[in-house]
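Presented below is the structure to which this report refers.
Below, chain A is the first sequence line, B the second, and so on; all start at residue 1.
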2 protein chains.
Amino acid sequence: MHPPVLEGNLAQPVIRRLNAMRQLSERGIALLQQAIQDGLHRARPGEDLATEGDPVDSVRIILSGWLCRYKTLADGRRQIVNFVLPGDSCDACVYLLSVMDHSIGALTPVTYADIKRPVFEQLLASDRSLEEALWCETMVSSAIQREWTVNIGRRVALERVAHLLCELYERLLPVGMIDGDSCLFPITQMDLADATGLSVVHVNRTLQELRGSGLIVLRDRILTINDLKQLKDTALFSADYLHTKRHG
Amino acid sequence: MHPPVLEGNLAQPVIRRLNAMRQLSERGIALLQQAIQDGLHRARPGEDLATEGDPVDSVRIILSGWLCRYKTLADGRRQIVNFVLPGDSCDACVYLLSVMDHSIGALTPVTYADIKRPVFEQLLASDRSLEEALWCETMVSSAIQREWTVNIGRRVALERVAHLLCELYERLLPVGMIDGDSCLFPITQMDLADATGLSVVHVNRTLQELRGSGLIVLRDRILTINDLKQLKDTALFSADYLHTKRHG
DNA sequence: CGTCTCTTTGAGTCGTCTCAATCGGCGTGG
DNA sequence: CCACGCCGATTGAGACGACTCAAAGAGACG
């Protein structure tokens, strides 16, 4: 049903992402690709891949599209706690906890592999490099979560939005989704607001400020970063927390 | 140098904490206790167990005392991203990342076990229940981190401080550090401010408000929660994210 | 008894929010 | 092909939550 050559392409972001954490063995890559091919799924924008309170029984690996993890308060306030990008895994290990404590929603059309728990465990057990890479990715995800806490807790609006843009840029880079200094940026200002803990109105004004100082262009779902260095400076951004090993 | 019977007591919070995640085997407990005895250390208040940028080569398990994980911005702003309580581990797996992306500071006198990476890996490899419990604990720590993002991003000051108090109460409970409706609460209002993303002055006024409505008493480093239910209500608190299995 | 840290209080400022309305693009149905 | 409705982006204006600055209590400690 899916020609193998196409699947190979689909798995590219995952392999690139994991390779950046730990050099994957040939065998590991093959096993991973097989597992991905066997579990292909799609989701539409707005659809939830998982909802707070759901039992967890499988791991999802994102092949294309953007998602977000979010939590909702009783009165409707929503906080996006992280974005999930191509190559990321959803809850590589959260299945150790039996219930989801947050929801995962698709922001765009999404392609992902759904790998059932036993299959996933076998995958981890059969290749050491794969196991380490996937744990590593989970740890990086925690590190990102910590930085978000800092971002929302201690940065002012301008810094905060700038920081988020820097992070997304740096995360999209290793999976090959940056074209020059531009990338697709499929999220609304409302999403941005829920991710930064700001109001939509203020996000709008903050973006205008960033545009006004010539740092970025954001139009028609395309983000262009004109001056990455200065954007990082205004964001007080350091990429260390992403633990991206630079290698050849 | 340390009588075995005393060490057994020291390890109690850890064992209780891990047992709440996964039922530990007798063997697992014995191995753990041995590792803890072999790696006992102390730290003074204000001392850093680890600093952002440090290489990671060991895992720490907290036996007594309070610590915090924190990050500092270039201009001195500080954000506490989590508290570390007795029974918690520091970076059970962060050693998969070679460098610390945050610091860990002692808020009180601390007793902890420092377990070197090879010893720790052997520990995980030799008992399945121990391995699962420790991973589980790491996952819960991530879940807490997500909730902090929500707390700081979407709750107002009163809710935010109340939520933190509820969380600490619920986390201290399973390790036996709650006495009736009171507990030692050794952190300053400045720490509270850095943890909630508020200013010290505002934390002070918020605490007064909580006191004024009779929900809590906080004096001389002792916190008493007079009305837990109402405190949880004002905090919009649900303990689900702590993944604490209730079991007889 | 002086010093240091933590807590508390007062007063004024400012960042961010809320409410409200307009504008623009896009898909759908008449 | 046009009108309507919807969603997202934008703008204006006023309100308020939280911040900063400043200074004064209050314990703890040597």
To the nearest Å, how far apart are [X] [atom1] and [N] [atom2]?
{"X": "A:H202", "N": "D:dA13", "atom1": "NE2", "atom2": "P", "result": "18 Å"}
{"X": "B:I152", "N": "C:dT16", "atom1": "CD1", "atom2": "P", "result": "15 Å"}
{"X": "B:R155", "N": "D:dG17", "atom1": "CZ", "atom2": "P", "result": "18 Å"}
{"X": "A:I222", "N": "D:dG8", "atom1": "CD1", "atom2": "P", "result": "19 Å"}
{"X": "B:I187", "N": "C:dT5", "atom1": "CD1", "atom2": "C1'", "result": "16 Å"}
{"X": "A:D191", "N": "D:dG8", "atom1": "CG", "atom2": "P", "result": "8 Å"}

Can you tell me if the side-chain N/O atoms of [X] get under 4.0 Å from OP1 or OP2 in [N]?
{"X": "A:Q208", "N": "D:dT11", "result": "yes"}
{"X": "A:N204", "N": "D:dA9", "result": "no"}
{"X": "A:R221", "N": "D:dA9", "result": "yes"}

For A:R154 and for A:R211, locate the closest nucleotide of DNA chain D by heavy-atom distance; then report the residue assigned to the nucleotide nearer the 5' terminus.
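So the residue in question is A:R211.
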Validate the cation-pi geometry between A:R221 and A:F185: distance from NZ or CZ to the six-membered ring centre under 6.0 Å, angle to the ring axis within 45°.
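Not flagged: A:R221 not positioned over aromatic ring of A:F185.
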Is the shortest side-chain heavy-atom distance between B:L10 and B:L40 below 4.5 Å?
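When only atoms from C-beta onward are counted, B:L40 and B:L10 do touch, with a gap below 4.5 Å.
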A:L107 side chain near A:I187 side chain, heavy-atom distance below 4.5 Å
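Side-chain contact under 4.5 Å: yes.
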Keeping A:S182 on the side-chain end and A:I178 on the backbone end, is there a donor-acceptor pair under 3.5 Å?
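Here the side-chain-to-backbone pair does not exist.
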Is the backbone N or O of B:R155 less than 3.5 Å from a side-chain atom of B:R160, with the two atoms forming a donor-acceptor pair by type?
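Yes; judged by distance alone, with no hydrogens or angles, the pair exists.
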Which of these nucleotides, [options], is closest to any side-chain atom of [X]?
{"X": "A:L198", "options": "C:dT16, D:dT11, D:dC21", "result": "C:dT16"}
{"X": "A:T188", "options": "D:dA9, D:dT11, C:dT16", "result": "D:dA9"}
{"X": "B:Q189", "options": "D:dG12, D:dA9, C:dT7", "result": "C:dT7"}
{"X": "A:S199", "options": "C:dC17, C:dT9, C:dT7", "result": "C:dC17"}

Mind listing the closest non-hydrogen atom pair of B:N151 and B:L164 along with its distance?
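Residues B:N151 and B:L164, closest heavy atoms: ND2-N, 4.4 Å.
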NA contact type, A:G197, heavy-atom cut-off 4.0 Å: base, sugar-phosphate, or nothing?
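Sugar-phosphate, backbone atoms only, no base.
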Base, sugar-phosphate or nothing for A:V200? Non-hydrogen atoms, less than 4.0 Å.
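No contact at all - A:V200 keeps every heavy atom at 4.0 Å or more from the nucleic acid.
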Got a donor-acceptor pair under 3.5 Å from the side chain of B:R205 to the base of D:dG17?
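No, the side chain and the base share no sub-3.5 Å donor-acceptor pair.
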Positive for salt bridge (Lys or Arg N to Asp or Glu O under 4.0 Å) with A:R60, one of A:D91, A:D88, A:D114:
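Single salt bridge (Lys or Arg N to Asp or Glu O under 4.0 Å) partner of A:R60 among A:D91, A:D88, A:D114: A:D114.
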Rounded to 10 degrees, the angle between the two terminal axes of the helix from C:dC1-D:dG30 to C:dG30-D:dC1, each from five pairs
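Taking the rotation axis at each end, their angle is 30°.
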